[in-house]
Amino acid sequence: MRTTSARPVLVVIAHGSRDPRHAATVHALVREVRALRPGVRVETGFLDFNIPSVQGVLESLAAEGVRDVVALPLLLTRAFHAKADIPAVLKEAPARLRIRQAEVLGPSPLLLTALERRLYEAGLSPADKSSTGVVLASAGSTDPEAIAVIAEIAREWRHTGWCAVRPAFASAALPRTEDAVRELRALGCARVAVAPYVLAPGFLPDRIARGAAEADVLADVLGPAPEVARVLLERYDAARTPVLAALGA
């Protein structure tokens, strides 16, 4: 049995995908988190398609004697997975574990910084902002709260100097990426860039990429950007504070 730490174990909960790029990107992000905070034990569990499963990770931790866990949804909005799927999985965890579910990653100013990082890596520069329209392209959701959050992020991002910013969705909501690209062209933006507001490659990010065919610039997914890793740790710290207070730590 391992010696347990006073710090709760961080269990990152990813959706999972048949696309091998998804799990590879999640693991790269988790390595970035570990590098930023070597004193925190970080484990990864998947809801579907990939192993280890969330349930398997939690059972292994309980068998080692771990007591305190922060379960962090690797999600950008509070949609169905955060509100239903993940709480249901955590409910089935071994009784000896004390689990706190952290908040989802978005919205956060750090994520906007990560989006701009990806756009600059794709070829833009800060000098291009005033003449560039950006499509904030998310996976989409049937949850009105999640859709409203994406729209609000687009409004806020516009105020940082871009010519215009429009939200778009790969599924479940409109407009689609290609329609938002055409709208920005019609507005007269000198160039149009698509910024995928997604964490890892997969089916819906590929749909976003196809919708960006008429854009001038397509950024990469957020992936293991250092800003994303910092958001994970912010959410972990916020969730673990009540645990440590209860322990008198």
Could you give the distance from CG (L74) to NE2 (H22), rounded to the nearest 0.5 Å?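 NE2 of H22 is found 7.0 Å from CG of L74.
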Straight-line distance of C189 SG to D128 CG, nearest 0.5 Å: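 So the SG of C189 and the CG of D128 are separated by 12.5 Å.
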Any idea how H27 and F46 line up, ring-wise: parallel (<30°), tilted (30 to 60°), or perpendicular (>60°)?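 The arrangement is perpendicular - the two ring planes meet at more than 60°.
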pair T132-W162: side-chain heavy atoms closer than 4.5 Å: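 Yes, side chains in contact.
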Hey, does R117 have a side-chain heavy atom less than 4.5 Å from the side chain of P226?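 P226 vs R117: side chains touch.
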Under a 3.5 Å distance rule, please check whether [X] uses its side chain to pair with a backbone N or O of [Y] as donor and acceptor.
X: R158; Y: C163; answer: yes
X: R118; Y: A219; answer: no
X: E92; Y: Q55; answer: no
X: R96; Y: R67; answer: no
X: N50; Y: S17; answer: yes
X: R176; Y: F169; answer: yes

State which residues pass side-chain contact (heavy atoms from CB on, under 4.5 Å) with F203; sequence neighbours excluded, sorted by chain then number.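 By the side-chain contact (heavy atoms from CB on, under 4.5 Å) rule, F203 matches R207.
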With a 4.0 Å cut-off, would you call R230 and E227 a salt bridge?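 Salt bridge absent between R230 and E227.
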Taking NZ, NE, NH1 and NH2 as the nitrogens, is one of them in R185 or E214 under 4.0 Å from a carboxylate oxygen of the other?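 No salt bridge links R185 with E214.
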List the atom of L111, the atom of L105, and the distance in Å for their closest heavy-atom pair.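 Looking at all heavy atoms of both residues, the closest pair is CD1-O, 3.7 Å.
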Mind listing the closest non-hydrogen atom pair of A212 and T177 along with its distance?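 Of all heavy-atom pairs spanning A212 and T177, the closest is N-CG2, 4.0 Å.
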